[in-house]
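A quick write-up on the structure given underneath.
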Number of protein chains: 2
Amino acid sequence: MVDGATQGGAKAARPLTLYRKVAADLGREISEGAYGSGGRLPAEGELAERYGVSRGTIRQALSVLRANGLVTSRRGTRRVVLRTAHVQSFGELLSFTRWARSMGEEPGGRIVRLDLDRADGTEREQLRLDDGARVCRMLRVRTLSGRPVMVERTVYPEAIGALVAELDADTVSYTVRLEEQGVLFADAQHTLDLVQADKDDAELLGCRPGEPLLRERRRSTDPAGAPIEWSEDRYLPGTVAFTVHSSATSGSLARRPGTPPA
Amino acid sequence: MVDGATQGGAKAARPLTLYRKVAADLGREISEGAYGSGGRLPAEGELAERYGVSRGTIRQALSVLRANGLVTSRRGTRRVVLRTAHVQSFGELLSFTRWARSMGEEPGGRIVRLDLDRADGTEREQLRLDDGARVCRMLRVRTLSGRPVMVERTVYPEAIGALVAELDADTVSYTVRLEEQGVLFADAQHTLDLVQADKDDAELLGCRPGEPLLRERRRSTDPAGAPIEWSEDRYLPGTVAFTVHSSATSGSLARRPGTPPA
DNA sequence: CTGTCCTAGTTGGCTGTACAACTCGATTCG
DNA sequence: CGAATCGAGTTGTACAGCCAACTAGGACAG
């Protein structure tokens with residue numbers, strides 16, 4: 001049987017479960033300022049009655065909002081709205097194209113290099129590959145309304161790379177295309193630091209060598225935990241900032257000793 | 001009645017609930033490599049039997065590990081270990097001192113300026129203060145084994161600032177001291193980007209003005225959602241890197257348009 | 001008026017149950 | 001031998017209930 005997702009336009013949207021619907025609805029209300037910044041949410045029981053679901057389902061929905069940093073919660077009192085900002089989806093985070101469009105800017109890109117080669121030590125470790133395995137390396141410049149802002153170096157395992165190579169060279173978003181091919185991004189581990197532009201960076205971004213760049217290294221895995229890309233993005237100063245929410249109950253942000261810029 | 005937490009040595013450790021104990025135990029096993037990288041965890045039912053708790057409690061524990069990026073999970077198959085790295089606690093993230101010690105380095109600091117003043121517009125917005133409210137501003141240099149690595153500008157609301165001002169000027173960790181005074185840090189929103197060192201930064205860090213620095217702006221709130229600090233930290237290149245985990249089910253990381261370095 | 005006490009309201013933690021959705025290897029069929 | 005099918009195993013979603021821990025405000029006593 002054909003996989004369905006390989007049929008072309010298949011989108012792998014997560015099913016709209018009850019708690020997801022409630023979370024989306026409450027999130028929208030909050031971002032519209034229905035409860036105000038610092039205001040209080042209705043009690044769980046009240047929400048359960050309003051939506052006609054059990055309290056457990058409401059709690060599941062609220063835990064999503066909590067993880068996104070929209071609300072606090074503690075024993076004894078109603079939940080409090082922390083912020084009313086729009087919450088970016090995982091897709092907007094992984095895909096430069098989706099991010100750009102969500103800002104109303106026109107994303108662009110140009111492939112500088114694309115080749116297939118044996119994986120080196122770091123690549124084997126990051127992509128969890130066997131000795132002698134091959135990888136697909138891609139070097140791209142990314143533009144915002146024509147202006148270059150980022151250099152992207154992505155390494156795919158051979159299987160994914162084969163899909164990448166089949167796509168048109170002027171494909172806007174490889175991430176979106178890969179998802180359409182059934183490659184699902186489930187988790188990603190990011191490292192953020194500062195580096196100096198090397199000669200390639202400088203030429204592609206139109207800056208001086210040695211110019212400081214904001215670097216994001218990312219390792220993405222599929223639902224089964226298998227690595228599907230290892231990427232290093234370098235942004236021109238002033239083009240991007242990263243925001244993270246962390247809390248005492250579920251922290252995903254950490255500080256590490258830095259690697260000095262080469 | 002006296003608050004207890006103001007008695008001095010009171011520590012506000014979260015109670016060790018069942019699911020927290022299980023999560024800690026499983027996390028330790030994972031980081032010790034008991035299941036291997038990419039290996040499979042026992043089934044929920046099996047774990048429930050092993051720990052003598054219900055499946056719901058096991059799922060609660062596993063959701064913690066999942067939020068920390070230690071394991072994946074999907075329907076139909078057992079959980080897979082994503083990484084075996086140590087997970088930093090929220091405390092290590094907020095406190096420079098605790099972070100430094102966890103690396104085996106000796107943290108230090110020197111207060112350059114500490115004053116009380118009317119809050120400006122940005123400060124009122126960030127700390128959610130009324131017009132005319134006052135704030136406590138602190139400027140500090142932070143050192144790692146004697147070497148300056150970071151400049152910290154922190155703004156506290158007046159009530160917190162009063163506690164800060166009472167502490168010895170050579171207090172190593174204000175965060176830890178504040179927690180001992182009953183000020184609990186529950187949530188934090190971070191923004192990471194790149195700036196150029198101004199004259200103060202350059203002098204304090206011993207670098208040239210205009211030198212690139214990695215900037216972390218942070219707004220921390222207490223369990224009630226009330227802001228308790230607004231801080232801007234500037235790190236010398238190569239001294240630090242930030243890591244984040246994000247997933248399709250609960251993303252806390254986002255990319256935003258950047259503010260150009262002044 | 002001040003400070004203590006009490007209580008209704010609210011969220012956290014834990015258990016138990018039932019079924020749906022999905023994975024993956026074994027089996028069976030062509 | 002390859003492919004479709006099946007089924008045991010596993011996680012996801014949802015429901016219901018119970019008690020503990022805690023907050024906040026009102027009642028009350030001094």
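Below, read A as the first sequence line, B as the second, and so on, with proteins coming before strands; counting in each chain starts at 1. These numbers come from a predicted model, not from an experiment.
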Whole-Å gap separating [atom2] ([N]) and [atom1] ([X]):
X       : N       : atom1 : atom2 : result
E49(A)  : dT10(C) : CD    : P     : 12 Å
L184(A) : dC22(C) : CG    : C1'   : 14 Å
E46(A)  : dT11(C) : CD    : C1'   : 14 Å
R75(B)  : dT11(D) : CZ    : C1'   : 7 Å
K21(A)  : dA14(D) : NZ    : C1'   : 13 Å
Q60(B)  : dT13(D) : CD    : C1'   : 15 Å
L62(A)  : dT10(C) : CG    : P     : 14 Å
E44(A)  : dT23(D) : CD    : P     : 16 Å

NA contact type, [X], heavy-atom cut-off 4.0 Å: base, sugar-phosphate, or nothing?
X      : value
R66(A) : nothing
R55(B) : base
R74(A) : sugar-phosphate

- request: Examine distances only and state if a side-chain atom of D120(B) and a backbone atom of T122(B) form a donor-acceptor pair shorter than 3.5 Å.
  value: yes
query: Does any N or O donor sit under 3.5 Å from an N or O acceptor when you compare the side chain of R20(B) with the base of dG13(C)?
result: no
query: With nearest nucleotides of DNA chain D determined for R40(A) and S54(A) from heavy-atom distances, which residue corresponds to the more 5′ nucleotide?
result: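 Looking at DNA chain D, the more 5' nearest nucleotide goes with S54(A).
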task: Starting from the 5' end of DNA chain D, give me the residue, A224(B) or L16(A), whose nearest nucleotide shows up first.
output: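 Residue closer to the 5' terminus by nearest nucleotide: L16(A).
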Should [X] be listed as having a side-chain N or O under 4.0 Å from OP1 or OP2 of [N]?
X      : N       : answer
R78(B) : dT10(D) : yes
R59(A) : dA16(D) : no
S73(A) : dG12(C) : yes
T57(B) : dT15(C) : yes

- request: Assign each of P42(A) and V53(B) to its nearest nucleotide of DNA chain C by heavy atoms, then name whichever residue's nucleotide is nearer the 5' end.
  value: P42(A)
field: Axial cation check for W99(B) ring with R255(A), 6.0 Å and 45° limits
entry: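 Satisfied, under 6.0 Å and within 45°.
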Any salt bridge between [X] and [Y], counting N to O under 4.0 Å?
X       : Y       : answer
R98(A)  : E179(A) : yes
E123(A) : R118(A) : no
R124(A) : D130(A) : no

